[in-house]
Amino acid sequence: MQIRTELPSKIRDNQFVAIDIEIFGAEKSRLHRPNTGTFASMSIASSDNVAYVITDEDDVAKALDIVSNGIWVFHNSSFDIMHLRRWADIKPKNMWDTLLVDKILFSGWYDSFSLQDVVRRHLGIHIEKDVRSTFEDATTLTREQIHYSGLDAIYTWQVAEAQKKILMGDRQSEFSVWKNIDMPAQWAFLDFMGWRLDTNKWEALAQHNIQMADKLESQFDFNPRSSQQVKKKLNSLGWKIPSTGEKILRSKLYKDPTSKAGKVCQALLDYRKFYTLHSRYGMKFLDEYVEFEECNGERIALIYPKLNVIGAETGRTSSNSPNIQNLPAREYPEFREPWIARPNHKLIVADYASQEPRVHAYLTQDKNLLDIFNSGEDIYVATAKYMYDKEIEKSDPLRNFMKVAFLGATYGQSAHGVAKNSGKSLEEAEDMQARFWKAFPGSKKWCDEQRKQVNYVETVAGRRIWLNPYSSQVERNALNGPHQGTAADMMKQATATSHQEWKWDIPFGVLSPIHDELVLDVPEQLAEEISKFISDVMVQTGQEMCPGIPFKVDAKICDNWREGK
Amino acid sequence: MRKSVIIGEKGNNMAWDDFFEDEIKCSECGTSDMVESYGSGDTFALFILDYPEKDEIRSGKAIAGSVEGILKSEISKLRGSIRDYSFTTIWKHIPNGNEKCRDIGFAKTIEEANKFPIIILMGKLATELFINQKYKEFSGLQVTSLYLPDTKIFVCPHPKTLFGGGVGEFRLALGKIMNEVKECF
C-alpha cells in the first residue's frame, strides 16, 4: 500500500472515495463538537492500495474539491463531516457511511461496529488502533500517524466495496433504507441546532434534589449508599433480601408497605431517587455540557447532544453527551422546563399522536383497527367500544387501560406486565388481553406469526432487525421490532424531508427528534408557518409509509419544552 | 469412580464413553471435581474453552449442559457434527483463584493441542494465554501462537455470548473454522 502526502488525483464520477479525518487533542466527550481539538490530517483513498494524506488544513477544501464528483465514504460520517466543515463548505450529497451501512445490514446480528470490527469481519484483517491514542496529546504528525491515517482510509474504502456487494445482491431493500432514510437523516442531524438551557432553573432543580437527598440521609442511622449496610439494616427489621437492587426492594415493599422495614425501604428509595437525579442532572451536567454563545444580543447557554442516526437495533435514534432522549421527563416533567427557546424565538413541539398503534394497524391490517383509525374517533374510546361493547367518555379510566392494551400488543407484553404497568389485577389484565385478541383477530394472527420468527423481522421500509433465537427476549423483539423500527424510520424520514425542503433563510431549526416527537427552535414570527410545515411533513411521511392509515400530529408553539407537552 | 473420556492419539478412533478411568485430582489444590478433554481421537480440531462450570463438573467433560447444546445446534446448522471436534478447557476445575492450578491446566492444554492441526480459542482467557490478545479483536481470524507454531489457530467467541447480544460473531467465526476443518478432510 502506498501512503502519499500530496493532493489526491482526479477520480471517476460516482467512484467511492474514502475520507478520514484525524484531530489532535480532541476531548473524548466532545468529539461531536467542532470546537474541540485541532487539525491533524485528512486521508483520502479511492482504491485498495493508495491513500493521500493531507497534512495542512489549508489544503482540505482543495483536496475535497478534487474528489467532489465521487461518492464520499466515511466510517462515522457525523464525526468526519462535523469537523471537515471547519475547513471546507460541505453541502449534502450522496455519501456512504460504513458504520451506518453496517448497522443497517447487521443490527442485532453483530453488537459492535468500530472500524476495527467491520474491517475484521468484511476483510478478515486485524487492524491495530494503538496509534489512535497518540493523537490525543500530539501537535505535530509523525510518520507512524501518517501511515495510520492513510491505512484507515484504504480499509474504509475496502469495507464500502464489500458492503456494496452485499447490498447490490439480495439485500437491495436495505440500500433504499440507507439512500432514502438514514443518509438524508444524517445530513439533517449534522445541521441540528443546540438546545438552549435556562441554567438558573436547572441549578434550582439540582439544589432541590440534593437538599431532599440530604434531608432523607440525615434520618438514616446507616449509610444509604452502602448496599451492605442497607441489607444489614433491613435484615435487622425482619426483611431477608438477597440484594438491595431496586427491583427486589420494590417487590418486597409492594407486599409489606406498612411495616417498619417497609417505611425505611420507602425512604431509601426516595433518597436514591433524589440522589440519582442530582448526580445525573446536577451541577456537573452544566459543567460538562454547557457552551455559551451570543444570540440576538444575549449570552445564552446551549447544549449540543450527540444524536446517533441508528442508535438501537430497531433503527431507533439515540443520543449521548448528554442523552437528551433519556431525561426523566415522563416521571418528572419539571426536567423539561429549563429547556427554553432562544431570545425572540419559540419552541415547536410536534409529536405523532398514537404513532405505534397506527403502525400496528398498518402492519396487522386488522379490519376493525383500520376502521377505528379511519373513523376519526378517539382511538382509545373506539377501542373500548370494540372490546367492552360500551360507550365511554374520554375521561373514563378505561380509556387509559386501552393505551396499555395497545402497548401489550405492540411490545408483546405479558398479562403480568400489563397488570403491573396498569395497576390492575392479573385477572383483569388477562381478561383485557383476551378481549383485545377477540375484537381484533387480524392483530392476533399477525402477532402469532411474528412470535414464530427466529431469524429476522423487518420494518415497513425494509430495515432488517436480526433476532437472537437464544435470547429470552426473542418473541418480544420480533413483535416490537417492526413497530419501533417503523416509527423510527418515519420520524427520521420526516426529519430528513423537512431538512431537504427547509425554505427559510435561517438555520435548520430542528433541535432533536425525541422518539415520536420533534422539537424545533425558530424565530417567533415564523413559528406558525414552520409549525404547519413540520406537521404537514410528518403527517405526509406517515401516510406514505403506511398507506391507508391517517396520521395525526399535535404541534404546540411554546416558550419551554414542558409547555409543549 | 466417575465416567470420563480422554483424548486419544490421532487415528486411535476411541469411541465416546468407552471406558472408565480412575478418579483424577488436581495436583495443586487436590480437588477431584475435575473435567477431562472430550472428543474422539480422530478429530482434526480442538476447541479450547476457558473453564468448566457446574454442568461440566457434574459430567466430568470439558463441555456439557447449555454450552454443549448450543455448539451441537450451531454446528449442525452449518451441516457439521459435534462429533467431528474435540474439546478441552484451560482450567480443569472451577477457577479458584490459584494461578498454579490454572498453569497446570494450561500446560496440559498445550500438550493436548499439539496433537491437532486446528485449534479454536474459545474465550477470553484462552485467547490471552495463547496469543496475548483480546479475543473480541480477533474473533473469526486466524492467529499464530508461540506455543503452537505449526498449528492453525482461530479465535471464536464463547457459546454463552449467544445468550446476550447478536449471534453473528459466533456464527461468522464458527463458519470459517468449519470450512477449514472440511479442507482437512
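Just so you know, these numbers come straight off a predicted model, no measurement behind them. Side chains are part of it too, since the values below use all heavy atoms of this structure and drop only hydrogens, waters and symmetry mates. Protein chains get the first letters and strands the later ones, always in sequence-line order, with residue 1 at the start of each.
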>> Once salt bridge (charged side-chain N to carboxylate O under 4.0 Å, His left out) is applied, do any residues pair with Lys165(A), and if so which ones, sequence neighbours excluded?
In response: none
Quick check: are there more than 12 heavy atoms from other residues, nucleotides or ligands sitting under 6.0 Å from [atom1] of [X]?
{"X": "Glu128(A)", "atom1": "CD", "value": "yes"}
{"X": "Glu136(A)", "atom1": "CD", "value": "yes"}
{"X": "Lys100(B)", "atom1": "NZ", "value": "no"}
{"X": "Glu144(A)", "atom1": "CD", "value": "no"}
{"X": "Lys124(B)", "atom1": "NZ", "value": "no"}
{"X": "Phe79(A)", "atom1": "CZ", "value": "yes"}

> Which pair of heavy atoms, one from Arg171(B) and one from Pro469(A), lies closest together, and at what distance?
Replying inline: NH2-CG, 4.0 Å
> By a 4.5 Å heavy-atom criterion (distance strictly below it), what part of Ile127(A) contacts chain B: side chain, backbone, both, or neither?
Replying inline: neither
> Among residues 131-138 of chain B, which residues come closer than 4.5 Å to chain A, judged by heavy atom distances?
Replying inline: Lys136(B), Glu137(B), Phe138(B)
> At a heavy-atom separation under 4.5 Å, does Ser139(B) approach chain A through its side chain, its backbone, both, or neither?
Replying inline: both
>> For the CG atom of Leu172(B) and the NE2 atom of His122(A), what is their distance to the nearest 0.5 Å?
In response: 9.5 Å
>> Sub-4.5 Å heavy-atom contacts with chain B: which residues of residues 101-111 of chain A show up?
In response: Gly108(A), Trp109(A), Tyr110(A), Asp111(A)
> Do side-chain atoms of Asn468(A) reach the backbone of Leu162(B) as a donor and acceptor pair under 3.5 angstrom?
Replying inline: yes
> Which is it for Gln142(B) and His126(A) under the side chain to side chain contact (heavy atoms under 4.5 Å, CB included) test, yes or no, and what are the steps along the way?
Replying inline: CA-CA 10 Å; Gln142(B) 189 175 341; His126(A) 169 76; over 6 Å; no
> Do any pairs count as a side-chain hydrogen bond (donor to acceptor under 3.5 Å, both in side chains) and have a residue in residues 155-164 of chain B, sequence neighbours left out, and if so which ones?
Replying inline: Glu53(B)-Lys160(B)
>> Within the structure provided, determine whether Ser66(B) and Tyr470(A) are in side-chain contact (heavy-atom separation under 4.5 Å).
In response: no
